[in-house]
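Reviewing the structure listed below.
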Amino acid sequence: MEKTVRVLDEQGNLLEATYPKRAKGLVKHGRARFVEEQTICLTCPPDKFLEETKMSEEYKENFDVNPAEILKRIEEIQHDNGHIYQALATLEKIPSNHSDAPGSPEDVAGSAKAMAVAEVVKCREATNQKLLDFYMTLYHNAAEQ
């Protein structure tokens, strides 16, 4: 669902759009009225927007990280494979249906284990692809300068 209802203040200034259900609630409780099918007018507009669109100065101070630190953190993510090995070891401990031949259609547990292993590998590969994309962006930016 997306914000499709336009919101106006009493002077007709366009404010941030809202969700249809939210607009109906504002009208129902007397805080707004419909002026068109997809537009409401607030009877008492807010002094400021409730959602911040810019990062606060306090957060910026705590997020002061240089490019070398960013690369160091990315390399830590790249080399952190412990959780993958732990997940695979846990999957290995799950017993298969002993009465069924491994890999047979009746081996439901074995099939589930295989799917879980595939998902772990798929997620790790997605992370590696994002890292490669990031490194390529850095490379292209450096080449342009």
Side-chain angles (χ1 to χ4, degrees), residues 1-97 103-145:
M1 182 178 280
E2 51 186 280
K3 296 179 178 182
T4 57
V5 178
R6 293 177 6 159
V7 180
L8 305 173
D9 64 9
E10 290 177 319
Q11 288 74 38
N13 299 319
L14 185 62
L15 303 174
E16 186 176 346
T18 192
Y19 299 101
K21 189 172 182 178
R22 171 83 172 131
K24 289 177 185 174
L26 289 169
V27 170
K28 179 180 177 182
H29 289 94
R31 291 188 222 113
R33 67 185 189 295
F34 277 102
V35 292
E36 292 177 6
E37 188 175 330
Q38 291 294 316
T39 306
I40 61 171
C41 179
L42 296 177
T43 56
C44 183
D47 292 333
K48 62 177 183 171
F49 289 107
L50 300 177
E51 296 179 22
E52 290 186 33
T53 56
K54 295 184 179 178
M55 190 182 299
S56 69
E57 291 300 320
E58 179 182 329
Y59 186 77
K60 284 181 184 176
E61 291 172 9
N62 295 333
F63 195 74
D64 188 24
V65 181
N66 61 34
E69 179 68 22
I70 292 170
L71 285 175
K72 179 181 163 213
R73 290 181 184 185
I74 289 172
E75 286 176 4
E76 288 173 2
I77 293 169
Q78 184 178 10
H79 297 299
D80 181 20
N81 296 324
H83 61 285
I84 293 174
Y85 295 121
Q86 183 180 4
L88 294 175
T90 302
L91 287 171
E92 194 175 89
K93 293 176 186 175
I94 298 173
S96 293
N97 299 350
S104 71
E106 294 81 22
D107 185 13
V108 177
S111 177
K113 285 170 55 173
M115 289 176 24
V117 169
E119 187 64 23
V120 167
V121 172
K122 179 180 163 187
C123 290
R124 184 58 187 181
E125 185 58 28
T127 300
N128 288 338
Q129 289 296 319
K130 288 186 182 277
L131 286 171
L132 285 172
D133 290 344
F134 178 73
Y135 283 132
M136 290 301 294
T137 301
L138 288 178
Y139 175 77
H140 290 301
N141 289 343
E144 290 175 0
Q145 292 179 357

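Only this structure's heavy atoms are used, side chains among them; waters, hydrogens and symmetry mates stay out.
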Residues that [X] engages under side chain to side chain contact (heavy atoms under 4.5 Å, CB included), provided they are two or more places apart:
X: K130; result: none
X: F134; result: I70, L71, I74, L138
X: E125; result: N128, Q129

What closest approach, in Å, do [X] and [Y] show between heavy atoms, and which atom pair accounts for it?
X: L15; Y: L8; result: CD1-C, 4.2 Å
X: I40; Y: A32; result: CD1-CB, 4.0 Å
X: K3; Y: A17; result: CD-O, 3.4 Å
X: C41; Y: E10; result: SG-CA, 4.0 Å
X: A23; Y: V5; result: CB-CG1, 3.7 Å

Reference residue L26; test side-chain contact (heavy atoms from CB on, under 4.5 Å); the match among R31, R33, K21: R31

Would you compute the distance between atom [atom1] of [X] and atom [atom2] of [Y] and round it to the nearest 0.5 angstrom?
X: H29; Y: T43; atom1: NE2; atom2: OG1; result: 12.5 Å
X: K28; Y: K24; atom1: NZ; atom2: NZ; result: 11.5 Å
X: T39; Y: L14; atom1: OG1; atom2: CG; result: 8.5 Å

Note: E36-R6 ion pair, threshold 4.0 Å (strictly below): no

Pairwise side-chain contact, V7 with E16, heavy-atom cut-off 4.5 Å (strictly under): no

Side-chain donor or acceptor of T137 paired with backbone N/O of D133 under 3.5 Å: yes

